[in-house]
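See structure below.
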Amino acid sequence: MMNQSVFLLLGTNMGDRRKNLSDGLWAIEARAGSIRKRSHIYETAPWGKTDQSAFYNQAIQIATFLKPKDLLEQLHAIESTMGRLRNEKWGERIIDIDILLYGSDIIESETLTIPHPQLPYRKFALAPLAELADDFIHPKMFQTIHELLKNCEDQLEVKKIRS
């Protein structure tokens with residue numbers, strides 16, 4: 001099995017958001033793969049359901065030996081361990097970990113779609129990802145992450161947080 005380069009997005013808008021991201025990163029290192037790069041943290045307005053606190057988002061690149069489905073299971077286990085409840089679509093969450101890209105693979109199953117189907121439309125995912133993979137070509141859109149971000153029509157504010 002090859003060591004695969006994967007891009008993930010972490011998000012949180014409950015409690016100590018910086019600690020939640022840090023705890024998520026630690027758990028990913030322990031259970032899913034080694035972190036190769038991480039973006040700055042971005043504060044973003046909530047998407048989809050706007051009557052909630054702002055999110056902190058961070059993109060990371062990991063190297064993993066896990067197959068996509070196994071990686072998803074590990075990420076869901078991390079979310080559960082950290083206290084994530086899946087009560088409401090786009091609702092508040094202590095942690096959310098999405099697989100944005102799994103190399104250049106295209107996967108479409110009942111439980112998993114890669115690249116993340118909403119990636120081209122969400123500035124809160126594209127901005128941190130562009131920090132890590134500006135010239136990576138999206139395997140379905142055939143545009144770089146930079147181009148997707150430049151052309152993204154999402155108007156929600158995405159603000160880089162100073163460390």
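Predicted model only: the values in this text are computed from it and were never measured.
The hydrophobic clustering, which links ILVMFWY residues whose side-chain heavy atoms are closer than 4.5 Å, places M141 and L149 together. Residues I94 and W26 fall into different hydrophobic clusters, defined by Ile, Leu, Val, Met, Phe, Trp and Tyr side chains chained together at heavy-atom separations under 4.5 Å. I137 and V6 end up in different hydrophobic clusters when Ile, Leu, Val, Met, Phe, Trp and Tyr side chains are linked at under 4.5 Å. Linking Ile, Leu, Val, Met, Phe, Trp and Tyr whenever their side-chain heavy atoms come within less than 4.5 Å puts L119 and Y121 in one cluster.
Within the 4.5 Å cutoff, no side-chain heavy atoms of I107 are placed close to those of T113. By the 4.5 Å heavy-atom criterion applied to side chains, S104 and F136 are counted as neighbours. Counting heavy atoms from C-beta outward, M82 and D23 have side chains that approach closer than 4.5 Å. A heavy-atom distance below 4.5 Å is not found between the side chains of I35 and Q61. In this structure, L148 and I145 have side chains that are in contact, with non-hydrogen atoms separated by less than 4.5 Å. In this structure the side chain of L8 reaches within 4.5 angstrom of the side chain of L75, judged on heavy atoms. A 4.5 Å side-chain heavy-atom check between P115 and P139 finds at least one atom pair inside the cut-off. The side-chain heavy atoms of I114 and P68, taken from C-beta on, include a pair separated by under 4.5 Å.
A salt bridge links R93 to D96: at least one charged side-chain nitrogen sits closer than 4.0 Å to a carboxylate oxygen. Comment: E108 engages K140 in a salt bridge, judged by a side-chain N to carboxylate O separation of less than 4.0 angstrom.
Scanning all heavy atoms of the two residues, the minimum distance from R38 to I60 falls at CB-CG2, 3.7 Å. When every heavy atom of S53 is checked against every heavy atom of P46, the shortest pair comes out as O-CG, 4.0 Å. Across every non-hydrogen atom of I41 and R18, the tightest pair is CD1-NH1, 3.7 Å. Nearest heavy-atom pair across I161 and Y42 is CG1-C, 4.2 Å. The heavy-atom pair separating L112 from K69 by the smallest distance is CD2-N, 4.0 Å. The two residues H138 and P120 make their nearest non-hydrogen contact at NE2-CG, 4.1 Å.
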Step-by-step side-chain contact (heavy atoms from CB on, under 4.5 Å) determination, T81 to R31: CA-CA 12 Å; T81 301; R31 298 180 69 155; 3.9 Å; yes
From CA spacing to verdict: side chain to side chain donor-acceptor pair (under 3.5 Å), T44, E157: CA-CA 6 Å; T44 62; E157 185 180 13; over 6 Å; no
Kindly indicate, with the supporting measurements, whether the criterion side chain to side chain donor-acceptor pair (under 3.5 Å) is fulfilled by E131 and H40. CA-CA 8 Å; E131 242 188 81; H40 285 88; 2.9 Å; yes
Step by step, work out the side-chain contact (heavy atoms from CB on, under 4.5 Å) result for L71 and I62. CA-CA 11 Å; L71 176 60; I62 67 167; 4.2 Å; yes
Q143 and N151: CA distance, side-chain angles, deciding distance, side-chain contact (heavy atoms from CB on, under 4.5 Å) verdict: CA-CA 10 Å; Q143 295 177 49; N151 298 326; 3.4 Å; yes
Show your reasoning for whether side-chain contact (heavy atoms from CB on, under 4.5 Å) applies to F124 and E43. CA-CA 8 Å; F124 70 82; E43 187 171 50; over 6 Å; no
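No donor-acceptor pair closer than 3.5 Å links the side chain of T64 to the backbone N or O of G33. A donor-acceptor pair is defined here as one N or O able to donate and one able to accept, closer than 3.5 Å; no such pair exists between the side chain of E92 and the backbone of Q52. In this structure, N20 contributes its side chain and T12 its backbone to no donor-acceptor pair below 3.5 Å.
Residue L129 holds its CG atom at 12.5 Å from CD of Q58, rounded to the nearest 0.5 Å. Here the CD1-OG distance, from I28 to S34, works out to 11.5 Å after rounding to the nearest 0.5 Å. Note that the CZ atom of F7 and the CG atom of L100 stand 9.0 Å from one another [nearest 0.5 Å]. To the nearest 0.5 angstrom, Q118 atom CD is 10.5 Å from D98 atom CG. Residue D105 holds its CG atom at 12.5 Å from NZ of K67, rounded to the nearest 0.5 Å. Here OH of Y56 is found 15.0 Å from NZ of K19. Values are rounded to the nearest 0.5 Å.
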